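First comes the structure, then the notes that go with it.
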Amino acid sequence: MSLDSHKTPTMPHALEFKSSTFSVPVLVLSSVDLGIIEQQLQEKIKLAPEFFRNSPLVLDLQEINKQGLGINIEELTGIIRKAGLFPVGVRGGNVQQNKQALELLIPVYSVHKGGVTAENKKQKTITPAPVPEQKTDTDIGIGETTLITQPIRSGQRIYAAGDLIILAQVSAGAEIMAEGNIHVYNTLRGRALAGVRGNTEARIFCIDLQAELISIAGNYKVSEDLDDTVRNKPVQIYLQDQALIIKDIVQPH
Amino acid sequence: MARIIVVTSGKGGVGKTTTSAAIAMGLAKKGHKTAVIDFDVGLRNLDLIMGCERRVVYDFVNVINQEASLNQALIRDKNCNLLYILPASQTRDKEALSQEGVGRVLDELKKDFKYIVCDSPAGIEKGAHLAMYFADDAFVVTNPEVSSVRDSDRMLGILASKSRRAEQNEEPIKEYLLLTRYSPERVKLGEMLSVDDVQDILSLHLLGVIPESKSVLNSSNSGIPVILDEKSDAGQAYADIVARYLGENRPHRFIDDKKGFFSKLFGSK
């Protein structure tokens with residue numbers, strides 16, 4: 001390789017390694033009955049066929065291995081492929097399962113041991129809308145900041161590839177999404193999803209929090225989970241150790 | 001230049017047709033030649049409210065399909081000779097309307113009329129879509145309760161994104177809020193959203209409040225737009241709305257609990 005590059009010194013870079021984070025759905029198995037797995041998988045997919053179509057999937061075998069149950073990876077991946085999903089990894093498998101996975105060209109991941117803090121107990125995770133396949137009212141170019149001055153009404157969807165700044169209110173039943181940060185300089189009543197492509201550094205800022213749902217990189221809270229202490233005032237929302245933190249923008253001295 | 005006004009709401013039963021009839025009559029009474037069109041194809045009501053149901057020969061769909069001329073289908077109002085009604089077809093459905101056909105009829109009306117009032121059907125489907133598509137102004141009729149407010153909000157989103165003006169990047173449709181069936185007593189008891197609550201959610205210019213009134217039902221039943229009942233509170237409220245829309249400055253009425261002379265005197269609730 002070094003020889004090759006030596007021979008052609010003027011050759012431009014053909015590749016570059018970069019680190020990037022993706023959110024991928026994880027299928028946690030608690031049964032080894034392939035028939036039941038197949039049936040329940042099909043039922044789940046039926047609920048949101050567009051969401052699952054050609055979606056990558058990581059298989060989590062921790063639970064069944066804890067119970068000492070064995071499973072045939074080859075047959076399992078066959079079922080998953082048949083359902084229109086692409087298995088792209090296995091985690092929590094034993095030596096034999098990992099070997100089997102690698103033979104099938106499926107990478108093996110280690111189990112992430114991130115502790116769950118008390119704070120995010122109420123919080124659930126969703127796999128972020130992978131790519132907005134549904135048509136949204138506004139689609140903006142990569143990395144740009146989108147500025148909106150009109151109210152976002154119930155039923156409207158806004159998608160910004162970069163940051164999203166909204167000067168008017170966001171009504172209940174509206175949905176605003178950004179790959180970057182979201183700023184709402186007015187009342188936020190609808191759903192706000194920042195970092196929808198997995199950017200865990202994204203934040204949401206709003207003047208008056210009354211949201212139906214807030215999410216950063218797939219970690220979300222619904223209205224019911226929001227305390228009265230954070231409602232109806234200016235707050236920022238960010239992610240810390242996979243927990244959504246909601247804080248007053250103006251900190252008391 | 002003619003202006004097209006859509007009277008819309010999303011939700012049904014909030015008073016769109018009553019409002020359409022009243023403001024069309026109000027505008028005509030002020031000396032502007034006005035046409036009012038019933039877009040609720042299949043559920044024709046406007047002709048009843050306007051009291052012209054016995055004179056319907058041709059309808060909106062006939063004109064769209066070029067089976068009748070506009071002049072043949074327009075019905076002149078018996079109370080005001082500057083007001084014309086274009087009734088909906090009762091035997092067809094909304095699919096009989098086409099964007100091209102509606103556009104053609106409105107263009108023809110614009111040559112001759114100052115105001116064209118489009119009475120939208122409920123919902124957000126084809127009929128409602130076509131009723132608002134060509135509009136210049138929108139009267140959003142809302143009842144002071146949460147589902148009506150939510151639906152109005154949805155409709156406002158559609159006005160802002162799916163209308164002709166939005167599609168062609170023109171100046172957006174001017175939106176006005178009409179709060180109907182308002183009862184200050186019930187607001188006081190906490191049974192109804194207040195004007196402020198509704199405006200807080202919708203953040204929209206309030207054109208007027210129509211109080212809950214027996215005169216509305218009486219007028220509908222007798223086929224006379226309520227605005228002609230000058231003694232009634234609802235009639236006066238609609239007259240105020242028309243005047244405000246035309247640029248007159250009139251203070252808002254019917255928002256506060258209006259106590260009678262005696263109850264004031266004796267301090268009763």
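Keep in mind the model is a prediction, meaning the values are calculated, not measured. Chain letters run A, B, ... following the sequence lines, proteins first and then strands; every chain starts at 1.
- When every heavy atom of B:S203 is checked against every heavy atom of A:R153, the shortest pair comes out as O-NH2, 3.9 Å.
- Residues that satisfy the side chain to side chain contact (heavy atoms under 4.5 Å, CB included) test with A:I207, not counting sequence neighbours, are A:Y185.
- For residues 143-158 of chain B, a heavy-atom distance under 4.5 Å to chain A picks out B:R150, B:D153, B:R154, B:L156, B:G157, given by residue number.
- With sequence neighbours excluded, the residues forming a side chain to side chain contact (heavy atoms under 4.5 Å, CB included) with B:A22 are B:V226, B:I227, B:Y238, listed by chain and number.
- Counting non-hydrogen atoms of other residues, nucleotides and ligands closer than 6.0 Å to CZ of B:R181 gives a total of 12 or fewer.
- Side chain of A:Q169 to main chain of B:I201: a donor-acceptor pair is present (N/O by atom type, distance under 3.5 Å, no hydrogens or angles).
- Taking the salt bridge (charged side-chain N to carboxylate O under 4.0 Å, His left out) definition, one finds that A:D208 meets it with nothing, sequence neighbours left out.
- Heavy-atom neighbours of A:K82 NZ from other residues, nucleotides or ligands within 6.0 Å: at or below the threshold of 12.
- Other residues, nucleotides and ligands place more than 12 heavy atoms under 6.0 Å from the CD atom of B:E167.
- The 12-atom threshold is exceeded at CZ of B:R165, counting heavy atoms of other residues, nucleotides or ligands nearer than 6.0 Å.
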